[in-house]
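Here's the structure, in structure tokens; my notes come after.
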Amino acid sequence: FIDHFNVNINKVKNVTLIEPSELALKRASLHIKRFDKTIDVSTINKDLDSLSITDFENDSNVKVHLFSNILDIDLFSLTQLIELIKTTFKGENYFVCASPFVNPLKTSRLDSFVKSFSTNSNFNSIKEINNRSGEWDNNSWTRVIRIFKADI
């Protein structure tokens, strides 16, 4: 994210990583610290259904949520995740949601996630990409990307 969008890392004060794999959490934390050792990195070693409001410290005005290869998985409650976000992250929120294209049903989970925020103040759909195999970059990769902003 930081590389691709040329994010000014000096403006990032803290990052919270959520992942059920402890090894993946440690690796992700090391990548963030590579950019700036002063960033406060919090790790939450849980699956999404196990998260609670008390897992988060929320003192930032602007939040960026990155969901990579998770929203299309039906092994957790999307409704519970949405309610947790709406309860916990007041203020300006940006969402970057990315998954491979598997089938229309999996993509509908991403779209349901986006739709759940569409009535919020200042909702703005920033980018929507749907590519199946062979539709982009002359390869067999697929992608479904949703980027949006919403005030909570």
Side-chain angles (χ1 to χ4, degrees), residues 1-7 9 12 14-32 34-35 39 41-56 58 60 62-152:
F1 177 80
I2 293 167
D3 283 342
H4 185 74
F5 291 104
N6 255 346
V7 172
I9 197 69
V12 177
N14 54 55
V15 172
T16 301
L17 302 169
I18 304 164
E19 169 63 45
S21 164
E22 187 176 353
L23 183 60
L25 272 177
K26 287 179 180 178
R27 184 177 176 133
S29 181
L30 286 172
H31 282 288
I32 292 169
R34 176 187 170 270
F35 284 99
I39 295 175
V41 179
S42 301
T43 57
I44 301 173
N45 188 208
K46 294 182 176 181
D47 62 55
L48 293 178
D49 282 339
S50 300
L51 294 172
S52 69
I53 294 170
T54 59
D55 288 322
F56 302 97
N58 185 10
S60 172
V62 178
K63 279 94 30 206
V64 177
H65 308 268
L66 303 175
F67 293 97
S68 178
N69 297 1
I70 186 66
L71 293 178
D72 62 336
I73 296 174
D74 57 359
L75 297 177
F76 70 94
S77 170
L78 195 58
T79 303
Q80 185 175 326
L81 175 63
I82 292 164
E83 287 308 310
L84 177 68
I85 291 169
K86 287 183 174 184
T87 304
T88 308
F89 298 101
K90 302 297 182 190
E92 187 176 357
N93 289 266
Y94 290 85
F95 297 85
V96 179
C97 312
S99 290
F101 176 81
V102 177
N103 61 46
L105 183 60
K106 297 289 187 179
T107 299
S108 73
R109 278 185 60 94
L110 267 81
D111 291 333
S112 293
F113 183 79
V114 175
K115 185 177 180 184
S116 71
F117 294 95
S118 65
T119 59
N120 283 67
S121 175
N122 291 325
F123 174 84
N124 182 20
S125 178
I126 298 169
K127 189 80 163 178
E128 183 175 315
I129 299 172
N130 297 294
N131 292 123
R132 296 185 184 192
S133 181
E135 290 183 349
W136 68 289
D137 202 25
N138 293 323
N139 61 43
S140 60
W141 297 351
T142 66
R143 65 182 176 172
V144 176
I145 298 173
R146 305 290 184 264
I147 303 173
F148 66 96
K149 174 190 179 241
D151 289 353
I152 300 174

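Keep in mind that the numbers below use all heavy atoms, side chains included, and drop hydrogens, waters and symmetry copies.
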* Asked: Does CG belonging to Leu23 count more than 12 external heavy atoms closer than 6.0 Å?
  -> no

* To do: Tell me, yes or no, whether the heavy-atom count around Lys115 atom NZ, taken from other residues, nucleotides or ligands under 6.0 Å, exceeds 12.
  => no

[Y] side chain reached by [X] side chain, heavy atoms, under 4.5 Å:
| X | Y | value |
| --- | --- | --- |
| Asn130 | Arg146 | yes |
| Leu51 | Ile44 | yes |
| Phe101 | Thr107 | yes |
| Ser29 | Leu17 | yes |
| Asp72 | Pro100 | yes |
| Phe67 | Leu110 | no |

Main chain of [Y], side chain of [X]: is a donor-acceptor contact present, judged purely on distance under 3.5 Å?
| X | Y | result |
| --- | --- | --- |
| Arg132 | Val102 | no |
| Gln80 | Asp49 | yes |
| Asn131 | Thr142 | no |

Quick one: pull up [atom1] in [X] and [atom2] in [Y] and give me the separation to the nearest 0.5 Å.
| X | Y | atom1 | atom2 | answer |
| --- | --- | --- | --- | --- |
| Phe56 | Asn14 | CZ | CG | 12.0 Å |
| Ser21 | Asn45 | OG | CG | 7.5 Å |
| Ile129 | Arg143 | CD1 | CZ | 4.5 Å |
| Asn124 | Ile147 | CG | CD1 | 11.0 Å |

* Write down the atom of Ala150, the atom of Asn120, and the distance for their closest heavy-atom approach. => CB-CB, 4.1 Å

* Check Ser112 against Leu78 and note the closest heavy-atom contact, atom names and distance. => CB-CD2, 4.2 Å

* Residues which pass salt bridge (Lys or Arg N to Asp or Glu O under 4.0 Å) with Asp47, listed by chain and number, not counting sequence neighbours -> none

When the side chains of residues 83-98 are checked against the rest of the protein, which donor-acceptor pairs come out under 3.5 Å, sequence neighbours left out?
| residue | atom | partner | partner atom | Å |
| --- | --- | --- | --- | --- |
| Lys86 | NZ | Ser116 | O | 2.6 |
| Thr87 | OG1 | Glu83 | O | 2.7 |
| Thr88 | OG1 | Leu84 | O | 2.7 |
| Lys90 | NZ | Lys86 | O | 2.9 |
| Glu92 | OE2 | Tyr94 | OH | 2.8 |
| Asn93 | OD1 | His65 | NE2 | 2.6 |
| Asn93 | ND2 | Phe89 | O | 2.9 |
| Asn93 | ND2 | Gly91 | O | 2.9 |

* Establish, yes or no, whether a centroid distance under 6.0 Å links the rings of Phe123 and Phe117. => no

* Partners meeting side chain to side chain contact (heavy atoms under 4.5 Å, CB included) with Ser42 (sequence neighbours left out) -> Thr16, Asp40

* Please determine which of Thr79, Leu81, Asp74 meets the side chain to side chain contact (heavy atoms under 4.5 Å, CB included) test together with Ser77. => Thr79

